[in-house]
Amino acid sequence: MDYTAMKRQAEREWQWLQELPQPLISIGTGTCGKASGADGVMDSVKKTLKEIRVLGRTIEVGCIGMCYLEPLMTIRKPDCPPILYGRLTPEKAAAIIKRYLLDDDPCLRWGVCSFGDAPVDGIPRFDDHPMIKGQYRIALRNCGLIDPSNIHHYMARGGYEGLSRALSMNGQDVVDEVIRSGLRGRGGAGYPTGLKWKFARQEAADIKYLVCNADEGDPGAFMDRALLEGDPHSVLEGMLIAAYAIGASEGFVYVRAEYPLAIERLEKAIEQMHRYRLLGSKVLGSGFAFNISIKEGAGAFVCGEETALMASLQGQRGAPRPRPPFPAQSGLWGKPTCINNVETFANVSAILANGSDWYAKTGTDKSRGTKTFSLAGKIKRTGLIEVPMGTPLKEIIYTIGGGSPSDTQIKGVQTGGPSGGCIPARKFDLPVDYESLAAAGSIMGSGGMVIMDQHTCMVDVTRYFLSFTQSESCGKCIPCRLGTHQMLRILGEICEGRGKREHVELLENLSETVQKGALCGLGQTAPNPVRTALNYFGHEFDRHITDGRCDAGVCKPLFHYEIDTELCEGCGLCIRKCSSGAISGAQKAPHVIDQSKCTKCGICFQSCKQQAVVIH
Amino acid sequence: MHVQESLDTHDAPLPQVLIMEDEVSVARGLGMVLSEEGYNVDLAMTGRSALDSFNRKMFDLLVADLRLPDIDGIEVIRQVKRRRPDTEVLVITGYSTVNTAVEAMKLGASDYLSKPFTQDEFLSAVKVALHTREFPSVERAEPPLEPLPEDALRLAEAMARVRESHAAKQEEVIPILQCVQNAVGYLSPEALMQVAEYTGMPEAAVYGVATFYERFRLSPVGRHVVKVCRGTACHVKGVDKILSAIEDRYHLQPGQTSKDRRFTLETVACFGACAIAPVVVVDDEVRANMDPGKVGKVLDDLAAKESAAAPASKPKPH
């Protein structure tokens with residue numbers, strides 16, 4: 001079957017689904033959804049449909065990005081705009097199904113938004129929802145809208161059009177098209193994708209390899225997982241296009257073993273591609289041959305670094321090696337190898353389908369297109385978003401993310417994981433692009449954003465990142481192995497209340513040494529969290545060292561909890577919650593904390609309704 | 001060079017000692033003795049200045065004279081112990097009576113020296129006092145679990161599957177090790193040897209791979225594996241408190257298994273479920289928005305379910 005015939009068939013199926021004379025219920029079953037109980041909701045929906053004898057169809061979709069509302073369900077009644085419901089439980093889902101389908105009560109108080117152009121009173125349209133409004137979705141174009149395990153859904157929405165167009169061009173023209181689009185690597189460093197391809201294409205070799213780096217190791221980032229779970233074909237199509245452009249015949253997806261669902265969806269997608277002749281010796285009937293296999297990682301952050309990743313693919317310890325030679329010249333088994341990130345590939349398939357001019361219209365001069373981010377930490381609307389490059393941080397955090405979830409003050413945002421830095425709230429006018437973030441001392445990274453508030457201690461967070469890089473250091477080069485170790489020790493001293501004035505200078509010295517001396521990106525960027533913290537949050541280091549105080553109430557030796565006798569109403573909640581029996585006091589009389597028993601677990605602080613428990 | 005020198009002394013954190021003693025000559029003398037031994041010493045001549053020092057700085061040990069010009073030494077100890085319960089206290093005094101000694105010990109002082117005492121007596125008392133604070137956690141470390149008799153059978157089955165589905169090449173070693181671990185639960189020395197033989201790699205190289213990657217374990221695990229996520233979002237949202245709740249409740253450190261083989265506690269760098277942080281994964285099922293109370297309930301439920309099913313249920317591998 002040729003591409004046009006397949007596309008026609010896919011469109012017919014999609015059209016049929018859209019015009020289904022029965023209710024269509026889609027439930028988001030990505031990892032976030034499942035963890036929040038999506039499977040239970042699905043069972044309950046199916047049971048209720050049977051019970052009320054309504055012929056409805058249920059499908060599983062990927063993550064739409066509103067993870068804070070998981071589990072999510074969309075109901076489309078024939079001739080009505082689809083409505084998205086959030087924070088479901090099996091009982092709530094059953095109630096909605098019954099009331100909406102039988103009594104025509106759409107239960108809008110549980111509704112989040114509606115899809116399509118026709119407005120529904122009381123809830124916003126999807127595109128007007130505050131979390132969605134500022135977004136522009138290219139990589140996530142299908143996430144949450146299609147069934148990721150159904151290749152027809154992907155094709156009906158323009159899938160594999162990019163590949164079909166690429167195959168009608170010659171490889172060099174495909175490379176040029178990607179260069180013109182201005183796409184830069186979404187894995188973090190931002191190297192122009194087209195250039196990388198150009199170097200790999202130039203090499204003459206009997207075999208070339210293409211690798212999709214899905215070893216999303218940055219703690220705090222989950223864009224690649226959501227993309228692979230929600231729309232695997234967009235990534236795989238990008239791989240096919242890249243392979244055709246550079247002349248590769250073997251492809252690998254190196255994916256973290258911590259993402260079992262992503263692996264499952266990839267396996268299914270690859271099987272479908274074989275069935276549709278999108279892989280194999282004659283891709284779409286052309287002379288181009290390509291195969292993809294999945295390789296599971298085994299839990300090593302450094303394997304996100306390309307030379308370490310290749311060592312791991314070859315069955316070795318994942319230690320990086322010096323470059324040059326670059327993978328484009330000598331990569332896997334000494335052959336030319338091109339490595340791109342998951343999101344990069346998802347952009348490639350869109351670029352080839354819609355053209356480089358279309359893509360280059362979005363974003364800034366030097367950073368074209370869009371970028372996905374995962375919002376997590378102390379923010380109201382956690383989830384997955386995609387915005388044009390150059391969007392200011394404050395729009396992402398306050399408008400899309402909705403600001404702080406409680407009445408606490410947002411202190412800063414951590415971007416780029418352990419290789420990045422923390423940008424303080426006063427710099428939130430900063431546009432998000434590769435250059436601006438680097439100038440602020442952080443990096444774009446793969447797109448994790450963790451929001452910190454006044455209850456986050458920056459010294460502790462810095463120590464956290466150093467403990468991460470220190471334990472993930474492969475140990476091959478000395479600056480990284482020993483430098484991170486010593487920096488971690490110093491930060492530990494400061495958190496334990498043994499900090500000294502000279503520690504700050506020592507940290508600065510060490511940061512410079514490690515950055516200049518380390519072999520690979522992991523070590524070179526490991527000091528970034530330290531440097532930005534000292535730069536923007538130096539006063540917190542001062543408080544720890546000079547005054548022996550942790551105002552955030554995180555570093556245990558440097559604070560204690562006390563009960564404000566004026567505010568305490570003597571309700572006894574903290575006494576009941578305290579697991580170490582440290583709080584005492586009669587009813588309606590102010591309670592007291594016995595400091596010798598207090599383990600500073602903070603449960604009293606979190607649970608007190610009068611906010612009478614204070615950090616001292 | 002400057003950096004290197006400072007680093008060397010940094011390797012062992014120096015204990016911080018505060019000497020609270022109103023007689024200047026005694027205070028200086030004791031200070032000198034401790035400084036020579038490598039301790040960091042601060043002096044306080046009055047009770048108030050001692051409390052001030054505690055406000056500014058953390059000390060590992062307070063050497064306290066009980067007779068002071070301003071506040072009673074016992075009162076200082078009481079306040080210090082209330083604010084910084086993990087500070088050790090060593091009492092020295094010229095007028096030793098049983099009553100004050102008992103009171104000081106009740107407040108948590110670790111020892112009591114009556115003047116006059118020798119330099120050696122003093123040093124050894126200081127060492128003992130500081131020693132007690134360093135060791136309590138070590139006792140908890142348990143020996144690794146013994147392999148189960150059925151492990152050998154499971155390994156044989158796993159290796160049979162490996163021979164069917166994986167080529168005998170080095171590039172397959174990580175998937176092979178994963179396959180074996182999924183079947184047996186861990187990688188025994190025997191398993192590593194068989195994988196080495198099959199792939200044609202040196203045993204040391206297989207061991208090198210198995211020890212490099214976080215996911216591989218070399219000792220047996222319990223029936224349920226509880227993995228706590230250490231990602232940034234989970235950290236910011238207080239996963240440490242969840243981890244210590246599990247540690248305290250089951251007396252387990254990450255990497256350890258409970259004696260009844262019910263739970264193995266592990267930590268993972270990040271599960272990538274940051275929007276629903278903090279997360280704990282129990283037997284590969286991700287649990288969202290955890291807190292110390294919820295995680296306790298999850299584990300209790302698991303235990304209850306297990307004992308309800310069959311008192312002598314057979315362990316399952318993971």
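In what follows, chains are A, B, ... by sequence order, proteins preceding strands, each numbered from 1. What's counted below: heavy atoms across the whole structure, side chains too, no hydrogens, waters or symmetry copies.
With hydrogens and angles ignored, the 3.5 Å screen pairs a side-chain donor or acceptor of B:Q170 with a backbone N or O of A:G315. A donor-acceptor pair is defined here as one N or O able to donate and one able to accept, closer than 3.5 Å; such a pair exists between the side chain of A:R225 and the backbone of B:G272. Distance alone, capped at 3.5 Å, places no donor-acceptor pair between the A:S596 side chain and the B:R82 backbone. Between the side chain of B:R84 and the backbone N or O of A:P557 there is at least one donor-acceptor pair closer than 3.5 Å. For the pair B:Q178 (side chain) and A:G297 (backbone), a donor-acceptor distance under 3.5 Å is present. A distance-only check finds a donor-acceptor pair linking the side chain of B:Y213 to the backbone of A:G318 [under 3.5 Å].
Heavy-atom distances place no part of A:L384 under 4.5 Å from chain B, backbone and side chain included. Only the backbone of A:T546 comes within contact range of chain B, with at least one heavy atom under 4.5 Å from a heavy atom of that chain. Interface residue A:Q314: only backbone heavy atoms are found under 4.5 Å from chain B. For A:D460, the parts sitting under 4.5 Å from any heavy atom of chain B are the backbone and the side chain alike. Looking at A:R317, both its backbone and its side chain come within 4.5 Å of chain B, counting heavy atoms on both sides. Heavy-atom distances place no part of A:V554 under 4.5 Å from chain B, backbone and side chain included. Of the atoms belonging to A:C474, heavy atoms from both backbone and side chain fall under 4.5 Å from chain B. In this structure, chain B has no heavy atom under 4.5 Å from any part of A:F301. In this structure, chain B has no heavy atom under 4.5 Å from any part of A:E502. In this structure, no portion of A:R381 lies under 4.5 Å from any heavy atom of chain B. Looking at A:C32, the atoms closer than 4.5 Å to chain B (heavy atoms on both sides) sit in the backbone and in the side chain alike. Contact of A:Y259 with chain B is made through the side chain alone, with heavy-atom distances under 4.5 Å. Proximity to chain B (any heavy atom under 4.5 Å) is shown, for A:A257, by both the backbone and the side chain.
Between B:I276 and A:A35, the closest heavy-atom pair is CD1-CB, 3.5 Å. Closest heavy-atom contact between A:S36 and B:A288: OG-CB, 4.2 Å. Of all the heavy atoms in B:A233 and A:G377, the pair that sits closest is CB-N, 4.1 Å. Between A:I451 and B:V236, the closest heavy-atom pair is O-CG1, 4.0 Å. Of all heavy-atom pairs spanning B:G231 and A:Y464, the tightest one is C-OH, 2.9 Å. Across all non-hydrogen atoms, the minimal contact from A:K600 to B:K241 is O-CE, 4.1 Å.
Taking the charged nitrogens against the carboxylate oxygens, B:E172 and A:K295 do have a contact shorter than 4.0 Å, which makes a salt bridge.
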